[in-house]
**Q** 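This is the structure I want to talk about, given as structure tokens.
Side chains are part of it too, since the values below use all heavy atoms of this structure and drop only hydrogens, waters and symmetry mates. So that the names make sense, note that chain A is the first sequence line, chain B the second, and so on, each numbered from 1.
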There are 2 protein chains.
Amino acid sequence: MGCRESGEDYYKIVNIHIYKNLDELKDLLNKYIYHKDHIIIIVGYMKIIYRGRASSEADYARRLLMIKPDGTLLIHEARGRDPVNWQPPGSICSFGIENQELKLRCQRQQYNEEVIVYFKDLFHIGVAILDVSNFFEVKGVERDIVDQIISTGLPIDRNAKLVGKEISTPHGKIDLVYINNERNIMYIIEVKNEKAGVAAVDQLRRYVEYMKQHSRGRNIIGVLIANGISDEAIKLILTYDFIFLNIRNLRIIKRERKLDTYLKDSSVNSLSS
Amino acid sequence: MGCRESGEDYYKIVNIHIYKNLDELKDLLNKYIYHKDHIIIIVGYMKIIYRGRASSEADYARRLLMIKPDGTLLIHEARGRDPVNWQPPGSICSFGIENQELKLRCQRQQYNEEVIVYFKDLFHIGVAILDVSNFFEVKGVERDIVDQIISTGLPIDRNAKLVGKEISTPHGKIDLVYINNERNIMYIIEVKNEKAGVAAVDQLRRYVEYMKQHSRGRNIIGVLIANGISDEAIKLILTYDFIFLNIRNLRIIKRERKLDTYLKDSSVNSLSS
DNA sequence: CGTGCCAGGTGCCCT
DNA sequence: AGGGCACTTGGCACG
């Protein structure tokens, strides 16, 4: 907790009182926009107008506004994870003055969208220097689950060979395709890191139907691997004679259970959630 | 731009130097958590550990952290619209000390998730009082498009009568259902405010197939109304003999074009995008 | 409260 | 740049 003093290099408070007119302030703020790693933070009493894919107006209220050097605009209120208004990276922001009020306009080429903010009052302006941490590990996402399956093999049929990954079809991309040549079976695998709903089953279904038309004679089995499943989705799984595997069981199996147990489970469409 | 002084009521800078030990600072910050409308803002050099549905570790770097009174946690870096780590509303946050570092733990009951932040250095701490603006108009969303269709009628068949809205099926909810009794036609309408992809067509397809099985004898026609459409989606539309209507044309038609033109378009699966 | 689904989704990766 | 899709999706509305 040592170097508090050096910290001042990384957060500069813009003393609003110093600027006797808005022009100076406006120019200063415009200078900070797009400065490498410089984030402008404004807490104030502001009105917001957004026009684009949708449109909105928000009357004057106390809000927190941030502008990042990549052109991101964020406006937050007292609640909620998402900003009430925003502009994604790549938008072009600039400060101006209108009717003796500080004004911010952020435009986005794509979608022809813009956010305009009018500041009736400013409570705090700061400029922070932030990092972009390159190394940021994430584990447990779908990618990792797919990788795990690839490395450990298809639990329901260890003799099946992986023949494809991210297979493109007109209906979308199939996560994994396995084939057991002896039994003449093709497994179409769809992986969901989240709880599966009806949409996930139907996504699998359209892959299976497509492959049935393009892989003549082969036995096609749809396999949904997900982190739980909804009741309606289970009904569809049974209707289509698909197989559902819970990720939780996948992990347990990998560590403790024997493969024979799996094969038994799979043959009766184990639906343990 | 008058009341700058009063603005100080809405943004309080926590002078880090005053607090001779971390204990005092920790207690102060904990007092501000969940204070009505009080948002804690910390710019500092911090390390983040997240464990939950996924998991991640981010080494020490300069970041901006916010805690909202509803239990929202946001941690931003220099780029991107989304925070690098967060906790949605409803999580429980508290400051502590570990290894002579300030430490923040935010837990979320649901999903058993937690974010832990270690602060090696603090550059700025502020407490802002923000509003929750109740009145926030949004126009142009799908809901409004559906309403517009309901009020102006189905453009491709003005004689069709609306018989259902948000019809639940095992495959999901159908946006709109129209019936023309004279021609014995049922229209299944799916509306997308955005550009339609293959998923949208397949969503419509599963509704149509379901209704074909549950509405014996009737002619079922799938209608996709969207803001543009991708090439692959067009192919599927043609494959399934569906009808695509561009929202843009919907609006134009409503204002300028005559209905006869529509009917002609629809009969040839107008795909103007 | 779970289920389903839209969103100004955003971000990522691939063609 | 466009398309397809996952996401700690978040958020809402409905049964």
**Q** Is there a side-chain contact between A:L74 and B:R81, using heavy atoms and a 4.5 Å cut-off?
**A**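 A side-chain contact exists here, since the closest heavy-atom pair is under 4.5 Å.
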
**Q** Is the shortest side-chain N/O distance from B:K195 to OP1 or OP2 of D:dG3 below 4.0 Å?
**A**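 Yes.
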
**Q** Could you check if a side-chain atom of B:I116 sits within less than 4.5 angstrom of a side-chain atom of B:K103, using non-hydrogen atoms only?
**A**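 B:I116 vs B:K103: side chains touch.
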
**Q** Do A:L73 and A:L104 have side chains that get closer than 4.5 Å, going by heavy atoms?
**A**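 Contact flag for A:L73/A:L104 side chains = yes.
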
**Q** Can you check whether B:R53 has a side-chain N or O nearer than 4.0 Å to OP1 or OP2 of D:dG10?
**A**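 The answer is yes; a side-chain N or O of B:R53 sits under 4.0 Å from OP1 or OP2.
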
**Q** How close or far is atom P of D:dG10 from atom CG of A:L74, stated in whole angstroms?
**A**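 Rounding to the nearest Å, CG of A:L74 and P of D:dG10 are 16 Å apart.
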
**Q** Looking at the side chain of A:K173, which of D:dT9, C:dC14, C:dT10 is the nearest nucleotide?
**A**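 Nearest nucleotide to the side chain: C:dC14.
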
**Q** Between the base of D:dT8 and the side chain of B:N85, is there any donor-acceptor pair under 3.5 Å?
**A**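 Side chain to base: pair found, below 3.5 Å.
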
**Q** A:N227 has an atom CG; how far is it from atom P of D:dT8, in whole Å?
**A**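 Answer to the nearest Å: 13 Å.
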
**Q** Mind checking the P distance from D:dT8 to D:dG4? Whole angstroms is fine.
**A**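 Going atom to atom, P in each nucleotide, I get 23 Å.
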
**Q** If you only use heavy atoms from C-beta on, which nucleotide in C:dG11, C:dC6, D:dC5 is closest to the side chain of B:E190?
**A**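 So the side chain of B:E190 is nearest to C:dC6.
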
**Q** Nearest-Å distance, CD1 (B:I167) to C1' (C:dC5)?
**A**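 The distance from CD1 of B:I167 to C1' of C:dC5 comes to 16 Å, rounded to the nearest Å.
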
**Q** Does OP1 or OP2 of D:dC14 have a side-chain N or O of B:S168 closer than 4.0 Å?
**A**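 It does not, given that no N or O in the side chain of B:S168 lies less than 4.0 Å from OP1 or OP2 of D:dC14.
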
**Q** Is the shortest side-chain N/O distance from B:Q203 to OP1 or OP2 of C:dC6 below 4.0 Å?
**A**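 Yes, because at least one side-chain N or O of B:Q203 sits under 4.0 Å from OP1 or OP2 of C:dC6.
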
**Q** Across the strands shown, which category fits A:V198 at heavy-atom distances under 4.0 angstrom: base, sugar-phosphate, nothing?
**A**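 Sugar-phosphate: the residue A:V198, judged by heavy atoms under 4.0 Å, touches backbone atoms but no base.
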
**Q** Describe the nucleic acid contact of A:G52 in one word from base, sugar-phosphate, nothing, applying a heavy-atom distance below 4.0 Å.
**A**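 The residue A:G52 makes no contact with any strand.
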
**Q** Tell me which nucleotide among C:dG8, C:dA7, D:dT8 gets nearest to the side chain of B:R108.
**A**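 Given the options C:dG8, C:dA7, D:dT8, the side chain of B:R108 is closest to D:dT8.
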
**Q** Checking B:D131 against B:S133: is there a side-chain donor and acceptor pair closer than 3.5 Å?
**A**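 Per modelled atom types, B:S133 and B:D131 side chains form no pair under 3.5 Å.
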
**Q** Just N and O in the side chain of A:K192: are any of them under 4.0 Å from OP1 or OP2 of D:dA6?
**A**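 Yes, because at least one side-chain N or O of A:K192 sits under 4.0 Å from OP1 or OP2 of D:dA6.
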
**Q** Does A:S55 have a side-chain nitrogen or oxygen under 4.0 Å from the phosphate oxygens OP1 or OP2 of C:dG8?
**A**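 No, no such contact exists.
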
**Q** Relative to the 5' end of DNA chain D, which residue comes earlier, B:A196 or B:A54, by the nucleotide with the nearest heavy atom?
**A**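 The answer here is B:A196.
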
**Q** For the side chain of B:Y50, counting heavy atoms from C-beta on, which of C:dT3, C:dG11, D:dT8 is nearest?
**A**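 Among the listed nucleotides, the one closest to the side chain of B:Y50 is D:dT8.
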
**Q** Of the nucleotides C:dG8, D:dG11, C:dA7, which has the atom closest to the B:P89 side chain?
**A**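 Closest of the options to the side chain of B:P89: D:dG11.
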
**Q** Given C:dC5, is OP1 or OP2 found less than 4.0 Å from the side-chain N or O atoms of B:Y207?
**A**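 So the side chain of B:Y207 is within the cut-off, an N or O lying under 4.0 Å from OP1 or OP2 of C:dC5.
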
**Q** Assign B:E113 to base, sugar-phosphate, or nothing according to its heavy-atom contacts below 4.0 angstrom with the strands shown.
**A**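 Result for B:E113 = base.
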
**Q** Could you say whether B:Y111 or B:E166 is positioned toward the 5' end of DNA chain D, judged by the nucleotide with the nearest heavy atom to each?
**A**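 Upstream on the strand: B:Y111.
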
**Q** With respect to the phosphate group of C:dT10, does any side-chain polar atom (N or O) of A:W86 fall under 4.0 Å of OP1 or OP2?
**A**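 Yes.
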
**Q** For A:R143 and C:dC14, give me the distance from atom CZ to atom C1', rounded to whole Å.
**A**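 From A:R143 CZ to C:dC14 C1': 11 Å.
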
**Q** How many whole angstroms separate atom CG of A:N193 from atom C1' of D:dT9?
**A**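 Computing the A:N193:CG to D:dT9:C1' distance gives 11 Å.
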
**Q** Do A:Y240 and A:L224 come within less than 4.5 Å of each other through their side chains, counting heavy atoms only?
**A**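 With C-beta onward as the side chain, the pair stays apart.
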
**Q** Have a look at B:P88 and say if it touches a base, only the backbone sugar-phosphate, or nothing, with a 4.0 Å heavy-atom cut-off.
**A**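 The residue B:P88 makes sugar-phosphate contact but no base contact.
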
**Q** Under a 4.0 Å threshold between the charged nitrogen and the carboxylate oxygen, would B:K235 count as salt-bridged to B:E232?
**A**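 Salt bridge present between B:E232 and B:K235.
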
**Q** Assign each of B:D82 and A:A233 to its nearest nucleotide of DNA chain C by heavy atoms, then name whichever residue's nucleotide is nearer the 5' end.
**A**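 Whichever sits nearer the 5' end wins; that is A:A233.
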
**Q** Taking atom P of C:dC1 as reference, at what distance in whole Å does atom CD of B:Q109 sit?
**A**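 Whole-Å distance recorded here is 12 Å.
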
**Q** Quick check: on DNA chain C, is the nucleotide nearest A:T72 upstream (toward 5') of the one nearest B:Q110, or the reverse? Name the residue that is more 5'.
**A**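 This one resolves to B:Q110.
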
**Q** What I'd like to find out is whether the side chain of B:L236 reaches to under 4.5 Å of the side chain of B:R205, using heavy atoms alone.
**A**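 Not touching, per the 4.5 Å side-chain cut-off.
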
**Q** Using whole Å, what does the distance between atom C1' of nucleotide D:dC5 and atom CG of A:D202 come to?
**A**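 Distance check: A:D202 CG to D:dC5 C1' gives 16 Å.
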
**Q** Decide yes or no on salt bridge (Lys or Arg N to Asp or Glu O under 4.0 Å) for A:R63 and A:E77, but give the supporting numbers first.
**A** CA-CA 5 Å; A:R63 303 188 179 93; A:E77 293 191 350; 2.6 Å; yes

**Q** Side chain of B:Q87 only, heavy atoms from C-beta on: which candidate in D:dC7, D:dT8, D:dC5 is closest?
**A**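 Output: D:dT8.
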
**Q** With sugar-phosphate meaning primed atoms plus P, OP1 and OP2, does A:E194 contact a base, only sugar-phosphate, or nothing at under 4.0 Å between heavy atoms?
**A**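 Base contact.
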
**Q** What's the NZ-C1' distance between A:K68 and C:dT10, to the nearest Å?
**A**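 One finds 12 Å between C1' of C:dT10 and NZ of A:K68, rounded.
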
**Q** Taking the side chain of A:R81 as its heavy atoms from C-beta onward, which of D:dT8, C:dT10, D:dG10 lies nearest to it?
**A**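 Nucleotide nearest to A:R81's side chain: D:dG10.
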
